[in-house]
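Because the structure is a prediction, the values reported are computed rather than measured.
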Amino acid sequence: QVQVVESGGGSVQAGGSLLLSCRASGYFFQTCEMAWYRQAPGEERELVASITRDEVRRYVDSVKGRFTIYQNNAKTSVYLQMNSLKTEDTAVYYCTAELRAGSGDRDCTQHWGQGTQVTVSS
């Protein structure tokens with residue numbers, strides 16, 4: 001059974017920083033891509049940042065230059081360093097891990113964490 005567990009959320013004042021962490025564990029062959037999504041109240045869930053096994057990174061425009069996504073060497077943990085936080089960054093942040101179950105599998109399956117709350121106050 002695969003688990004994706006986030007940590008590091010909390011409350012911070014605007015201009016502050018937070019580091020979110022996420023770890024994928026359980027039985028799988030390898031990760032394909034890991035990402036952070038967020039969902040603010042009344043809003044749709046959006047992709048914030050993603051990183052592939054080959055270290056290709058993508059960011060939503062609103063966080064470019066402020067957030068950095070990176071992963072550990074084993075590609076089983078992903079981190080989101082969030083600097084210069086704004087009130088509009090307030091949301092529940094979800095980690096996802098796209099995992100290849102076996103060495104012979106072509107496809108990767110997306111697994112979601114439970115989410116961690118980030119609240120930025122003015």
Side-chain angles (χ1 to χ4, degrees):
Q1 185 176 355
V2 171
Q3 281 192 312
V4 177
V5 180
E6 307 100 334
S7 61
S11 297
V12 66
Q13 287 194 322
S17 299
L18 282 174
L19 174 65
L20 303 184
S21 302
C22 171
R23 179 172 177 264
S25 62
Y27 179 77
F28 56 91
F29 176 63
Q30 66 181 193
T31 58
C32 305
E33 181 173 299
M34 299 187 79
W36 289 96
Y37 288 75
R38 67 185 179 187
Q39 187 167 22
E43 302 289 332
E44 292 188 354
R45 192 172 295 186
E46 68 171 350
L47 175 64
V48 177
S50 64
I51 184 168
T52 69
R53 288 189 60 80
D54 298 327
E55 303 285 329
V56 175
R57 294 171 172 84
R58 291 182 298 162
Y59 297 95
V60 68
D61 286 346
S62 60
V63 308
K64 286 180 180 177
R66 300 188 298 121
F67 291 11
T68 302
I69 188 170
Y70 59 98
Q71 60 192 346
N72 65 346
N73 289 338
K75 320 293 187 187
T76 55
S77 292
V78 66
Y79 307 89
L80 187 67
Q81 177 65 50
M82 304 186 295
N83 298 328
S84 302
L85 282 160
K86 303 176 180 180
T87 55
E88 52 262 44
D89 295 318
T90 295
V92 177
Y93 284 70
Y94 297 90
C95 175
T96 70
E98 292 188 10
L99 306 176
R100 182 171 287 117
S103 60
D105 293 330
R106 289 179 53 187
D107 296 332
C108 302
T109 302
Q110 191 175 41
H111 299 262
W112 288 79
Q114 294 295 317
T116 185
Q117 177 70 45
V118 171
T119 302
V120 185
S121 58
S122 58

Looking only at non-hydrogen atoms, find the nearest pair between [X] and [Y] and report the distance.
X      : Y     : value
Ala24  : Met34 : CB-CE, 4.3 Å
Tyr79  : Leu19 : CB-CD1, 4.0 Å
Ile69  : Arg57 : O-NE, 2.8 Å
Val118 : Gly9  : CG2-CA, 4.2 Å
Leu18  : Gly8  : CD2-O, 4.0 Å
Val120 : Thr90 : N-OG1, 2.9 Å

Keeping to residues at least two apart or across chains, list the side chain to side chain donor-acceptor pair (under 3.5 Å) pairs with something in residues 3-25.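 Side chain to side chain donor-acceptor pair (under 3.5 Å) check on residues 3-25 returns Ser17-Asn83.
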What I want to check is whether the side chains of Gln110 and Glu33 have a donor and an acceptor closer together than 3.5 Å.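 No, no side-chain donor-acceptor contact under 3.5 Å.
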Under the ring pair (Phe, Tyr, Trp, His ring centres under 6.0 Å) rule, what pairs show up with a residue in residues 30-59, not counting sequence neighbours?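 Every pair satisfying ring pair (Phe, Tyr, Trp, His ring centres under 6.0 Å) with a residue in residues 30-59: Tyr37-Trp112.
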For the [atom1] atom of [X] and the [atom2] atom of [Y], what is their distance to the nearest 0.5 Å?
X     : Y     : atom1 : atom2 : result
Ser50 : Leu80 : OG    : CG    : 11.0 Å
Ser62 : Arg38 : OG    : CZ    : 4.5 Å
Lys75 : Thr52 : NZ    : OG1   : 8.0 Å
Leu20 : Gln81 : CG    : CD    : 9.0 Å

Asp61 bridged to Lys64 by N-O distance under 4.0 Å: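 So Asp61 pairs with Lys64 through a salt bridge.
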Crowding at CD, Gln39 (>12 non-hydrogen neighbours, <6.0 Å): yes
State plainly whether one hydrophobic cluster holds both Tyr94 and Ile51, where clusters connect Ile, Leu, Val, Met, Phe, Trp and Tyr through side-chain heavy atoms under 4.5 angstrom apart. no
Below 4.5 Å, heavy atoms only, C-beta onward: do [X] and [Y] meet side chain to side chain?
X      : Y      : answer
Arg58  : Leu47  : yes
Met82  : Val63  : no
Phe28  : Asp105 : no
His111 : Leu99  : yes

